[in-house]
2 protein chains.
Amino acid sequence: MPRNKESNQKVKDERKEQILSVALMLFATKGLAATRITDISAKTDISQGLIYHYFSSKEEIFVSLIRSAMNKMNEAARNLERLPIPAKEKIILAATELLKGIVKNESTSQYYFLITQAALSDAIPLEAKEIIKSQNDVKYEIITRIFQEGQKDGVVKDHDAREMTTFFFTTINGLALNKAIYGKKFKMPDKNIFLNMFLK
Amino acid sequence: MPRNKESNQKVKDERKEQILSVALMLFATKGLAATRITDISAKTDISQGLIYHYFSSKEEIFVSLIRSAMNKMNEAARNLERLPIPAKEKIILAATELLKGIVKNESTSQYYFLITQAALSDAIPLEAKEIIKSQNDVKYEIITRIFQEGQKDGVVKDHDAREMTTFFFTTINGLALNKAIYGKKFKMPDKNIFLNMFLK
DNA sequence: GTCTATATCCAGATAGAC
DNA sequence: GTCTATCTGGATATAGAC
């Protein structure tokens, strides 16, 4: 009965998705250690025991979220680099999309906090830390290259490109955390202030 | 025996300081929930039981740290505002000192993470959240006023002052977290890139 | 696949001796 | 003031019935 197998798989995937989405919210608002399996089970209406049918531990859920967060971000950065537009436009587009993502998409700022948490805290599965260590540089390098290209074009300021990249991501990260803290009360400031750091 | 009382008080204060300084380090690297009283007791060489002689709970230690972090920051902001120098100099001084603090002083970035954690996480004593809520605005308002003064002087860019303040602190916060993540490998970027957001 | 019940463990906090 | 020993609660993870 291949038919049944397929739909079973689908149900299984949906359950996993459901667990992951609730876990993301909880990990982002409470942290890994303070989130109990019972919290996840309550918010998903999936019994405690059943969660262990889909994931072998709380940590595995966390690692799975970190992995997909990093994949999404790197994917977006690679797509940006490939676009057939000038460097300046890429920078403006990146800033616009990232800020928009923070404002509109709940899960974006949640992902940022998850990664910050994972990178910072010792109380995090080693596997999560290693994923971040090995993949975090990807987007840094891409943006640095774009800045350098912009400098050749004469439209990007002549500071060290790598240092500008540090400001680029730390500021985005800071904003995402601020949005996570203040929620709807957070008012996104004008992106042109931000772009002043990089564009002539 | 007032003499004895005094020196007893001194020992008591020292013990409290010792507990607080270890707790700060642990809360910043593991988070509140994942830090166990036994961790604090091990690193201080103070027995578990004795810690409860000085603080009534793990949460109280945390709240105490948050309180002194907010006090220090607001104190610094107030001192800055009082200085008899032009707004532009105040802004440069603030940026310089804040970035220097992040690089030099271990505990500075630890405090930043503590506050971010406390503001973000639901798994934090209400009292800590309330301290932050009621005191966080102080430094925002001070810096906003300084930006406005600088705009009158014609040396600060004509963006909305409050929005610049948001960028000011979110970027500082982002850098502090980055420093906390990368430790000694973190290279502080040139502060002039940062100042480009605000100064003409 | 799904639930309920439970074993096991561990952390926070307390009690009580010195 | 300081320690060791202990109580107690609660959370992870498992077992076993349906």
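Just so we're on the same page: letters track the sequence lines, and every chain starts at 1.
In this structure, the nucleotide among C:dC3, D:dA13, C:dT14 sitting nearest to the side chain of B:Y52 is C:dT14. Nearest nucleotide to the A:R36 side chain, out of D:dA11, C:dA13, D:dT2: D:dA11. With distances taken from any side-chain atom of A:K12 to the nucleotides D:dT2, C:dT2, C:dG1, the minimum falls on C:dG1.
In this structure, B:K139 satisfies the cation-pi test against B:F169, with its NZ or CZ atom closer than 6.0 Å to the six-membered ring centre and inside 45 degrees of the ring normal.
Residues B:L50 and B:R15 form a side-chain contact, since some pair of their non-hydrogen atoms from C-beta on lies under 4.5 Å apart.
Rounded to an integer number of Å, the gap from B:L50 CG to D:dC3 C1' is 8 Å. Whole-Å rounding puts the B:I37 CD1 to C:dA13 P distance at 6 Å. For A:E60 and D:dT12, the CD to C1' distance is 15 Å, given to the nearest whole Å. If you take NZ of B:K16 and C1' of D:dT2, they are 17 Å apart, rounded to a whole angstrom. As a whole-Å value, the separation of A:F55 CZ from C:dG1 P is 14 Å. B:L32 places its CG atom 12 Å from the C1' atom of C:dG12, with the value rounded to the nearest Å. In this structure, NE2 of A:H53 is placed 15 Å from C1' of D:dC18, rounded to the nearest angstrom. For the pair B:Q48 CD and C:dG16 C1', the interatomic distance rounds to 16 Å; values are reported in whole Å.
For the pair A:K58 and D:dT12, the criterion of a side-chain N or O lying under 4.0 Å from OP1 or OP2 is met. Phosphate contact (OP1/OP2 of D:dT2, side-chain N/O of B:Y54, threshold under 4.0 Å): present.
Here the two rings, on B:F194 and B:F168, have centers that are under 6.0 Å apart.
A:E81 and A:R145 are joined by a salt bridge, as a carboxylate oxygen and a charged side-chain nitrogen come within less than 4.0 angstrom of each other.
Here the CG atom belonging to A:L99 is positioned 9.5 Å from the CD atom belonging to A:E97, to the nearest 0.5 angstrom.
Here A:S56 lies out of heavy-atom contact (under 4.0 Å) with every strand. Residue B:S41 is out of contact with every strand shown, counting any heavy-atom pair closer than 4.0 Å.
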